[in-house]
Each structure stands twice: as C-alpha cells, then as structure tokens.
Colleague: 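Please find one structure pasted underneath; my questions will follow.
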Amino acid sequence: MREAGRIAAAIEVLTSIEAHHRPAKTAVKEWGAAHRFAGSGDRAWIGGLVLDTLRKRASVAHLMQDETPRALVLGTMVHAWGMSGADMTALFGGDEHAPDLPTEAELEGFARTLTGAPAHVQGDYPGWLATSLERAFGRDAAEEGAALASRAPVDLRVNALKAETDKALAAVQSKIPTAEPSALVAHAIRIPQTDPRGKNAPAESIPAYGKGWVEVQDAGSQIAGLAAAVEPGAQILDFCAGAGGKTLELAAMTGNTGQVYAWDHDWRRLRAIWPRLKRAGARNVQVKDGPEAEALADLEGKMDVVFIDAPCTGAGTWRRRPDSKWRLKPEALARRIEQQDEVLDRASRYVRPGGRLVYVTCSFLPEENSDRVEAFLTRDGGFEQGSTLAALKASGGLAPGAEDVLAKCEDDSGAILLSPRRSDTDGFFISVMERR
C-alpha cells in the first residue's frame, strides 16, 4: 500500500472504533482480515497511526478544532509524525486511494500550537481526571500526561531459572540488534521504540522467548515484583495472580525454592499460567483453584509475603492501551476503589507476624494508591508502612544507578510512584507494609 492509502485506512479504522465502541487493536485486526491485500508492514503502520491518534486525541482535537476521525488522523500525521501540510497535499494529489486534499481549515490546524491550552489538553488526558493528576504530579501534570501519551518500549525480564543475563542478552541481540541492558533492573533487557512508523519488536517470536530465557514484562512491573524482596525458601501468596506474570518473577527470585501460591478470584484468568510455568521452568508454584475460603484456608497467617497486583483502572498503561483512557468513567474508578479496599482486607489475613504485604497498581491515580493504603492502615492497626526503596535495595535486583532514579519517585510515606517521565516505565504504584 502507498502511504496515502494507509492514512485513508487509519481514518476508516478510527471511524469504526468510534461507531462501534470496540478496542483499537481489535478494530485494526478486523480491518486487516477484511483487506487481505494489506501486508504485515501495512497493518503495523496503520495500527501505529491509529494508536498514536488515540494517544494524542485531546491535543490534536484542540489544535484542529475538530474531533472527526479524519481531522484527528491528519492532525496526528502533522503534529506527532512530522509531516507538513505541503507534504500531505503533494502526497494525496493524484492517488485514487488517498483521502481528499487538506482543506483550508485543516491547514490552519496544522499551524496551530498548544500555547495556553489547559493542562489536560497539553497532557492528553480526560478533563475529569485533572484534579487527580495534579494530586499525583503537581505542576508537572501536563508533562507527565504527555509522557503517558508517547510510545512505549518493549522490556524483557531475564528468567534466572534458565539463563544468565549476559547469555540472554546476546541471544536477544542476535535477533533484535537494538536490544540493550535495562537502566533500572539488573536482569532485564530493553528494546527501544524510536521510529513512529516502525513495527514493534517481535519479542515473542525470537528463540530466547520460546526457550523460556526471557519474558515480556515492563520494567516498572519488574520493579514492583522486586519490592517483595523475597529470599530463598520464602512462602509467598500471589493473591491476584491473573495470567502469572508476577508469579513467574517471584518464583525466579526464590530460585525455585520455598513455595509460591498463585490464586485469583476469577479462575478463568489463571488458565494462561500453566504453559507459562512450563516454559519458564518454575517448579515451586502451586496454582490454587476454587473459592478463596476453600483454596487458601490453610495459608492464613503463614505467608512471609503476600503480593497484591490489585485490580485497577490501568491508567499507568495508557501508552500501550491509549483507547482505554477515553473510555474510563468516574463510576468505573469508584468500582475499582471498592474492589481494592476489599482485596486489601482479605489478602492481609494471610501475612504472618513480621511478614510483608506488597500492594501494587498499574495506575498513578491517588484514589487507587495512597488513599487506599492510608484507608487500610486506618482500618487495620496491625500493619505499618515501610520503605519500598529499602525493599528494592534488599532484593539485589536493581541496576547500577537505579536507586537514584527511584529515590525521586518516593513519596513521604515511603511508597513509590513510577511513570514514563520519572522512570521511563509504565505507571506503577508500589507500597510495602509490614505486619507488626
């Protein structure tokens, strides 16, 4: 496909997303299935433009003074991808598959700037969340939002159960030469994303992934796992295990010793854990299936660490799922808050005296983070908040220099809030509490 035809396709896909309220990646996949002539490179290019348009939706709509799919896509081509109005006019001319030539109003939109725009427009986040971002980031809210509207790199966690870091890095670089050691996590690899028109690195297609040497996991998520600071022989409960990403990391941290119990309220989410455990060579994991009262009754008060990867809005993952930030509503946040309070109360019962409760969300919203921890500590006087940074240092998993970066992410209570701008990771909140 020519570039003009790809732009027209992106407008078509975005129109479908808005008309049918479907996830962006689903809409791109369906478009590709209906247009077999489009190759994998075409589909990646179109999908990248659609996602970038959703990432920049508020700012581009403000610049273009128009929220139609056409205005948003053309505005993104100029304001995010660097095309000029003259370039676009020349590109569209004479191509029967191209969109119509830019109008005078669109050309004016191409020339506007964001000077004087509200913070939520400059930061590309919903206006109703403005107060939340100001609480989280203060005067940096717009800059933090803009970072959340950028593209994310691909991070890999080296599975210590199967490979040394140097060996895994060499294997990954043999297929993806741009791969490099992580700046934050000692046993991690980063694959940068620098070209807005480029395809994502095929991390799950390389031999090192198939052998179980590496797992795809954002560096922020890996840091959250390190905060458990588990030691060989530890007894650990992954209370909201889901597909098992943190479970695998915790098993590797213990060197396949002790016991990691994986449980989730929704048993269907656990189905994906079995092939992952086999590929990773994790042998100290017990998957606990069934109702909590039956599955976990014998663990109460016995766990060295209870890890809560809490259900949340996922606001910290907006770089990867930009359509979700525009679908998020106040009532959905309220439901998550109720679930988080319930999960904290239930999971805390399994921590032994002197043990740790690690509360994590992939969100930067204070309502889901510090507010929930403060409310829990008020309800349950048996716990006190510790230093997340101290736990991370004790884990031995930080890369040289990471401590300085993470110290800037620490709040007055000792919790840590990661973000693309602060730590070049997804947004994660990490709080470590100790049972008295």
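Count residues from 1 along the sequence. All values below were derived from every heavy atom in this structure, side-chain atoms included, with hydrogens, water molecules and symmetry-related copies excluded.
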Colleague: Looking at every non-hydrogen atom in both residues, tell me the closest pair between Ala24 and Leu54 and how far apart they are.
Modeller: CB-CD1, 3.7 Å
Colleague: Looking at every non-hydrogen atom in both residues, tell me the closest pair between Ala117 and Gln122 and how far apart they are.
Modeller: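 Heavy-atom minimum between the residues: O-NE2, 2.6 Å.
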Colleague: Got more than 12 heavy atoms from elsewhere within 6.0 Å of CD, Glu30?
Modeller: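 Yes.
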Colleague: Look at the side chain of Gln173 and the backbone N and O of Ala179, then say whether any donor-acceptor pair between them is shorter than 3.5 Å.
Modeller: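 Judged by distance alone, yes, a pair lies under 3.5 Å.
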Colleague: Would the number of heavy atoms belonging to other residues, nucleotides or ligands and lying under 6.0 Å from CG of Asp298 be above 12?
Modeller: yes
Colleague: Return yes if some donor-acceptor pair links the side-chain N/O of Arg356 with the main-chain N/O of Gly386 below 3.5 Å, else return no.
Modeller: no
Colleague: Determine whether a donor-acceptor pair (N or O, by modelled atom type, separation under 3.5 Å) exists between the side chain of Arg436 and the backbone of Gly381.
Modeller: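 Flag set: sc Arg436 to bb Gly381 pair under 3.5 Å.
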Colleague: More than 12 non-hydrogen atoms from neighbouring residues, nucleotides or ligands closer than 6.0 Å to CD on Glu67, yes or no?
Modeller: no
Colleague: Once you round to the nearest 0.5 Å, how far does OH of Tyr125 lie from OG of Ser59?
Modeller: 12.0 Å
Colleague: Inspect the contact between Asp304 and Arg352 and indicate whether a charged nitrogen and a carboxylate oxygen are less than 4.0 angstrom apart.
Modeller: yes
Colleague: Would you check if Ile223 and Ile416 make a side-chain contact, meaning some heavy-atom pair closer than 4.5 Å?
Modeller: no
Colleague: Are Tyr350 and Tyr261 close enough that their ring centres sit under 6.0 Å apart?
Modeller: no
Colleague: So if I apply the salt bridge (charged side-chain N to carboxylate O under 4.0 Å, His left out) rule between Arg276 and each of Glu215, Glu249, Glu204, which one comes out positive?
Modeller: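 Answer to the salt bridge (charged side-chain N to carboxylate O under 4.0 Å, His left out) test with Arg276 among Glu215, Glu249, Glu204: Glu215.
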Colleague: Hey, what's the ring geometry for Phe383 with Phe376, parallel, tilted or perpendicular (30° and 60° as the breaks)?
Modeller: tilted
Colleague: Enter the distance from Glu367:CD to Gln340:CD here, rounded to the nearest 0.5 Å.
Modeller: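 Here the rounded value is 10.0 Å.
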Colleague: Under 3.5 Å, is there a donor-acceptor pair between the side chain of Arg435 and the main chain of Ser348?
Modeller: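 Between the backbone of Ser348 and the side chain of Arg435 there is a qualifying donor-acceptor contact (under 3.5 Å).
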Colleague: Before accepting this row, confirm whether a basic side-chain N of the pair Asp424/Arg190 lies closer than 4.0 Å to the acidic partner's carboxylate O.
Modeller: yes
Colleague: Assess whether a salt bridge exists between Asp238 and Lys246, defined as any Lys/Arg side-chain N lying under 4.0 Å from an Asp/Glu carboxylate O.
Modeller: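 No, no charged N to carboxylate O under 4.0 Å.
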Colleague: Answer yes or no: is there a donor N or O on one side and an acceptor on the other, between the side chain of Asp309 and the main chain of Ser221, under 3.5 Å?
Modeller: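 Looks like no, no N/O pair under 3.5 Å.
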Colleague: Is it true that, when you exclude Lys162 itself, more than 12 heavy atoms of the residues, nucleotides or ligands shown sit nearer than 6.0 Å to its NZ?
Modeller: yes
Colleague: For atom CZ of Arg283, is the number of surrounding heavy atoms from other residues, nucleotides or ligands below 6.0 Å larger than 12?
Modeller: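 Open: at most 12 neighbouring heavy atoms sit under 6.0 Å from CZ of Arg283.
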Colleague: Measure across Ala163 and Trp213 and return the closest heavy-atom pair with its distance rounded to 0.1 Å.
Modeller: CB-CG, 3.7 Å
Colleague: Where do Ala262 and Val285 come nearest, in terms of heavy atoms and distance?
Modeller: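 Taking Ala262 first and Val285 second, the nearest heavy atoms are CB-CG1, 4.3 Å.
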Colleague: Under 3.5 Å, side chain of Thr68 to main-chain N/O of Ala71, donor-acceptor pair present?
Modeller: yes
Colleague: Flag the pair Asp371 / Arg135 as yes when at least one side-chain heavy-atom distance between them is below 4.5 Å, and no otherwise.
Modeller: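 Touching, per the 4.5 Å side-chain cut-off.
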Colleague: Under a 3.5 Å distance rule, please check whether Thr388 uses its side chain to pair with a backbone N or O of Gly414 as donor and acceptor.
Modeller: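 It does hold such a pair.
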Colleague: Should the ring pair Phe429 and Tyr359 be called parallel, tilted or perpendicular, given that the plane angle runs from 0 to 90° and is split at 30 and 60?
Modeller: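 The arrangement is perpendicular - the two ring planes meet at more than 60°.
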Colleague: With the side chain counted from C-beta on, respond yes when Leu63 and Leu114 share a heavy-atom pair under 4.5 Å apart, and no when they do not.
Modeller: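 They are in contact (side-chain heavy atoms under 4.5 Å apart), so the answer is yes.
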Colleague: Please examine the side chains of Arg6 and Asp42, heavy atoms only from C-beta on, and report whether any two atoms are closer than 4.5 Å.
Modeller: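 A side-chain contact exists here, since the closest heavy-atom pair is under 4.5 Å.
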Colleague: Between Asp124 and Arg57, does at least one N-O distance fall below 4.0 Å, as a salt bridge requires?
Modeller: no
Colleague: Which heavy-atom pair separates Thr257 from Gly233 by the least distance, and what is that distance?
Modeller: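 Where Thr257 meets Gly233 most closely, the heavy atoms are OG1-N, 2.7 Å.
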Colleague: Okay, side chain of Asp264, backbone of Arg269: is any donor-acceptor separation there less than 3.5 Å?
Modeller: no
Colleague: Can you list the steps and then say if Glu144 with Arg422 is a side-chain contact (heavy atoms from CB on, under 4.5 Å)?
Modeller: CA-CA 8 Å; Glu144 292 282 356; Arg422 291 177 170 188; 3.4 Å; yes
Colleague: Indicate yes or no for a side-chain donor-acceptor contact from Trp263 to the backbone of Gln286 under 3.5 Å, with no hydrogens or angles considered.
Modeller: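 No, because the side chain of Trp263 does not come within donor-acceptor range (under 3.5 Å) of the backbone of Gln286.
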Colleague: Show your working on side-chain contact (heavy atoms from CB on, under 4.5 Å) between Val154 and Gln193 and close with a plain yes or no.
Modeller: CA-CA 7 Å; Val154 175; Gln193 172 60 275; over 6 Å; no
Colleague: Judged by modelled atom types alone, do Asp411 and Ser370 share a side-chain donor-acceptor pair under 3.5 Å?
Modeller: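 Judged by distance alone, the side chains do not pair up.
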Colleague: Counting C-beta onward and ignoring hydrogens, is there a side-chain heavy-atom pair between Leu156 and Val216 closer than 4.5 Å?
Modeller: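 Heavy-atom side-chain distance check passes, below 4.5 Å.
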Colleague: From Leu417 CG over to Phe137 CZ, what is the distance, rounded to the nearest 0.5 angstrom?
Modeller: 5.0 Å
Colleague: Any chance you could lay out the side-chain contact (heavy atoms from CB on, under 4.5 Å) test for Ile308 and Val360, step after step, and finish with the verdict?
Modeller: CA-CA 6 Å; Ile308 304 174; Val360 174; over 6 Å; no
Colleague: Between Arg320 and Asp426, does a side-chain contact (heavy atoms from CB on, under 4.5 Å) hold up when you go through it step by step?
Modeller: CA-CA 9 Å; Arg320 304 178 194 279; Asp426 285 350; 2.7 Å; yes
Colleague: Quick one: does Lys325's side chain have a donor or acceptor within less than 3.5 Å of a partner on Arg55's backbone?
Modeller: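 Pair found, side chain donor or acceptor close to backbone of Arg55.
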Colleague: Just verifying a value: how many Å separate Leu14 CG and Ile11 CD1, rounded to the nearest 0.5 Å?
Modeller: 8.5 Å
Colleague: For Leu418 and Ser423, which heavy atoms make the closest approach, and how far apart are they?
Modeller: CB-OG, 3.4 Å
Colleague: Using the ring of each side chain (for Trp, its six-membered ring), is Phe110 parallel, tilted or perpendicular to His79, with breaks at 30° and 60°?
Modeller: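 If you compare the ring of Phe110 with that of His79, the planes turn out perpendicular.
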Colleague: Any chance you could measure Arg319, atom CZ, to Ser150, atom OG, to the nearest 0.5 Å?
Modeller: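 These two atoms lie 5.5 Å from each other.
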Colleague: Can Arg346 and Glu292 be counted as an ion pair, charged N to O under 4.0 angstrom?
Modeller: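 Salt bridge: yes.
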Colleague: Would you indicate whether the side-chain heavy atoms of Tyr209 and Asn159 approach each other to under 4.5 Å?
Modeller: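 Side chain of Asn159 against side chain of Tyr209, heavy atoms only: no contact under 4.5 Å found.
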Colleague: Any luck finding a side-chain donor-acceptor pair between Asn369 and Thr361 under 3.5 Å?
Modeller: yes
Colleague: Using a strict threshold of under 4.0 Å (side-chain N to carboxylate O), is an ion pair present between Arg327 and Asp323?
Modeller: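 A salt bridge links Asp323 with Arg327.
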Colleague: Does any non-hydrogen side-chain atom of Ile273 lie less than 4.5 Å from one of Leu248?
Modeller: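 No, their side chains stay 4.5 Å or more apart.
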Colleague: Supply the atom-to-atom distance Leu129 CG to Thr131 OG1, rounded to the nearest 0.5 angstrom.
Modeller: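 That separation rounds to 9.0 Å.
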